[in-house]
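Just below is one structure, and these are the notes that go with it.
We use all heavy atoms of the structure for the numbers below, so side chains are in, but hydrogens, waters and symmetry mates are not.
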Amino acid sequence: QLACPLDLGCHSVERANLRIYDPKVDPEQIYSDLSYYLKVDWDWRSCITICQSAAEASSGAHAIAVLTEWDEFKTLDFESIYKSMVKPAFIFDGRAIMDLAKLKTIGFEAYAIGKPSLQ
């Protein structure tokens with residue numbers, strides 16, 4: 001779920017792919033929201049995949065950004081998710097719903113968006 005504009009221009013140059021999972025929003029609404037915010041002259045849909053689960057979205061990923069406060073994201077099996085990710089594995093909490101200290105003990109490089117990092 002998007003709450004603010006995104007600029008994916010650099011992602012096309014870097015050949016990054018964005019996988020999105022939102023348990024409450026229909027995929028067509030996600031594409032509609034992205035279309036509204038993305039004003040670029042390249043086919044951004046080619047680097048976007050809408051996933052059916054958080055596990056699918058994070059498998060093989062370098063980083064996770066949690067941008068919604070749905071309860072599901074508080075109770076995910078983060079040990080399994082960590083094992084499925086490329087290392088170092090990063091997680092960014094944009095809603096202050098995650099136990100960053102616990103995520104760090106699992107092995108994540110964990111950060112709260114908009115807050116100083118914990119050392």
Rounded to the nearest 0.5 Å, how far apart are [atom1] of [X] and [atom2] of [Y]?
X	Y	atom1	atom2	value
Ile20	Ile30	CD1	CD1	6.0 Å
Asp26	Gln29	CG	CD	7.5 Å
Thr105	Asp99	OG1	CG	7.5 Å

Please check if atom NZ in Lys87 has more than 12 non-hydrogen atoms from other residues, nucleotides or ligands closer than 6.0 Å. yes
Does some side-chain heavy atom of [Y] sit less than 4.5 Å from a side-chain heavy atom of [X]?
X	Y	value
Ile91	Glu109	no
Leu67	Ile113	yes
Lys24	Trp70	yes
Cys51	Thr49	yes

Determine the minimum heavy-atom distance between [X] and [Y], stating which atoms define it.
X	Y	result
Lys74	Glu69	CE-O, 4.2 Å
Ile64	Ser58	CD1-CB, 3.7 Å
Met98	Leu103	CB-CD1, 3.9 Å

For Ser35 and Tyr31, indicate whether the former's side chain and the latter's backbone hold a donor-acceptor pair under 3.5 Å. yes
Is the backbone of Ser59 close enough, under 3.5 Å, to the side chain of Arg19 for a donor and an acceptor to pair up by distance? yes
Answer yes if the ring centres of Phe108 and Tyr82 are under 6.0 angstrom apart, and no otherwise. yes
Please determine whether side-chain contact (heavy atoms from CB on, under 4.5 Å) holds for the pair Phe73 and Ile97, giving the CA-CA distance in whole Å, both sets of side-chain angles, and the decisive distance to 0.1 Å. CA-CA 8 Å; Phe73 294 108; Ile97 62 169; 4.0 Å; yes
Please say whether the positively charged group of Lys83, taken as NZ for Lys or CZ for Arg, lies over the ring of Phe78, i.e. under 6.0 angstrom from the six-membered ring centre and within 45 degrees of the axis. no
Side chain to side chain donor-acceptor pair (under 3.5 Å) test vs Tyr21 passes for just one of Glu56, Glu72, Gln52, namely Glu72
